There are 2 protein chains.
Amino acid sequence: MVTLSEENYLKAIYHLGKQGSVAVSTNAIAEKIESKASSVTDMIKKLAEKDLANYVKYQGVTLTESGRLAAALVVRKHRLWEVFLVEKLNFTWDEVHDVAEQLEHIKSLKLVNELDALLGFPTHDPHGDPIPDKEGNYTLIKSVNILEVEPGNEGVLAQVKDSSDVFLRYLDKNNLALGDKIKVLDFEPFDNSLTIETSSQKMIISNDVAKNLYISL
Amino acid sequence: MVTLSEENYLKAIYHLGKQGSVAVSTNAIAEKIESKASSVTDMIKKLAEKDLANYVKYQGVTLTESGRLAAALVVRKHRLWEVFLVEKLNFTWDEVHDVAEQLEHIKSLKLVNELDALLGFPTHDPHGDPIPDKEGNYTLIKSVNILEVEPGNEGVLAQVKDSSDVFLRYLDKNNLALGDKIKVLDFEPFDNSLTIETSSQKMIISNDVAKNLYISL
DNA sequence: GAATATTTTTAGACTTATCTAAAAATATTT
DNA sequence: AAATATTTTTAGATAAGTCTAAAAATATTC
């Protein structure tokens, strides 16, 4: 049995270490989970004991195959619930995170898979993040950060990296949504801002905003 | 903040004490929650401290108004999730309990109320139990145990008291479902069994089964 | 490459929720 | 109503998960 706390650590390692392949440091996990390094060390030992993580003192941690699968299943549940909340329960994309954070720990294989079916087997959540399948696999969308696009080129907004309320509400307020066609017009070296054009408007976005927008060409 | 454990105790007191009005004994709670009397005493003190329960040493416990409301909200969530699982996710009525037991602790007012709307504001769960509204109120269906019905009379199966897998599967196997019209034909004093007739069959049910069937006339 | 800074681990303490065993209060029996 | 039985509470222990402070290991700087 994997506890709620263990699941949260597995998820943190999974996200920080690119699905668990890259070694993750104690401090990085502590920061992500908002706990202390000493707590992380304790938990990592427990995960290693359960064969969910590979741990060498002072060398950081990676996930084992079963750890990676357990983490992917939590992420799968999180993202499916996010889709459910937006599509079926009228949540906005900035409201879903906290609730999905609770729902991701519900244990029932039937529940996840039926939910998946109810939603029509979605491949991405409301923020454009991919939803792992039952085996923990997903196909990456080949999207690039909008700052790497040469002025003159265009693409479709495919993913947003920051999922905080403020950022998502900024996008709503400025009429930017996943799936929108965006053309990059100009990069301003003075403040690293970007001028972009959508079907409805021409606008300037700050570097802080641009860093979080990913488009597929 | 009410913890998961506290919610389970509130629910037990709510159910054992007829929505919290009747004093409930320590041992009764321990049995319901499958814990020990000493653990119950500890928890009751905590609930009293938080003004969720009224507690006098050796005299049992009742719920305060805020305790009653908190308990009713947990029950509301439990029963709404059960309806969701059966109506939207193809669960059978004997599969819902364990999952609903987890889902009932998810904290989000918006979630409960949107779920309620998605399901069309149901008044009863798949076992015929009433679903409390936002204020914790519900209207009782006036149903009677089938053993109290005089032979010759008939009614509609409105509620089943036992919600264990085995019992619910027994009903499925024998084609008995909520809403079925049932006529009581004969009571057998030797083993207290009952002969009943539905639209599809005539059958004998044991006293153990009859005790759990409630019909509205 | 020695000195300093940072990161990580260890040791010990705290909280929540649980338990067992013993003591205290209440209920039941004769 | 005294003796016995049952219920409830208290006292002290345990496990999970967290913390602070100090020690140990690794990284960085001069």
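The chains referred to below are lettered A, B, ... by the order of the sequence lines, with proteins before strands, and numbering in each begins at 1. Predicted, not measured: the structure shown is a model, and the values here were computed from it.
We find that B/E114 and A/K88 are not joined by a salt bridge, their nearest charged nitrogen and carboxylate oxygen being 4.0 Å or further apart. The residues A/D116 and A/R76 are annotated as salt-bridged, a charged nitrogen and a carboxylate oxygen being separated by less than 4.0 angstrom. Between B/E95 and B/R169, no side-chain nitrogen of the basic residue sits less than 4.0 Å from a carboxylate oxygen of the acidic one, so the salt-bridge criterion is not met. Comment: B/E82 does not engage B/R79 in a salt bridge, judged by the lack of any side-chain N to carboxylate O separation of less than 4.0 angstrom.
The separation between B/I44 atom CD1 and C/dT18 atom P is 12 Å, rounded to whole Å. Rounded to an integer number of Å, the gap from A/N8 CG to D/dT18 C1' is 14 Å. For the pair A/D42 CG and C/dC14 C1', the computed distance is 14 Å after rounding to whole Å.
Remark: C/dT16 base-pairs with D/dA15. Criterion, Watson-Crick or G-U wobble with two distances under 3.5 Å.
The 12-atom threshold is exceeded at NZ of B/K107, counting heavy atoms of other residues, nucleotides or ligands nearer than 6.0 Å. By the neighbour-count criterion of 12 heavy atoms within 6.0 Å, atom CD of A/E31 is sparsely surrounded, having that number or fewer from other residues, nucleotides or ligands. More than 12 heavy atoms of other residues, nucleotides or ligands lie within 6.0 Å of NZ in A/K110, so this atom counts as buried by the packing criterion.
If A/Q59 and A/T3 are placed on DNA chain D by their nearest nucleotide, the residue sitting closer to the 5' end is A/T3.
Against DNA chain C, the stretch residues 26-36 of chain A makes heavy-atom approaches under 4.0 Å through A/T26, A/N27. Remark: nothing in residues 50-57 of chain B comes within less than 4.0 Å of DNA chain C through any heavy atom.
A/S38 has no side-chain polar atom (N or O) that falls below the 4.0 Å cut-off from OP1 or OP2 of D/dC19. The shortest distance between the side-chain N/O atoms of A/T41 and the OP1/OP2 oxygens of C/dT9 is below 4.0 Å. The phosphate of D/dT18 has OP1 or OP2 within less than 4.0 Å of a side-chain N or O from A/Y9.
Checked against C/dT26, C/dT18, D/dT26, the side chain of A/Y58 finds its nearest nucleotide in D/dT26. Ranking C/dT10, D/dT9, D/dT26 by closeness to the A/K45 side chain, first place goes to C/dT10.
Ring-centre distance between B/F84 and A/F84: below the 6.0 Å cut-off.
Looking at A/K11, its side chain never comes within 3.5 Å of a backbone N or O of A/V74 through a donor-acceptor pair.
At the heavy-atom level, A/S5 lies under 4.0 Å from the strands shown only through sugar-phosphate atoms.
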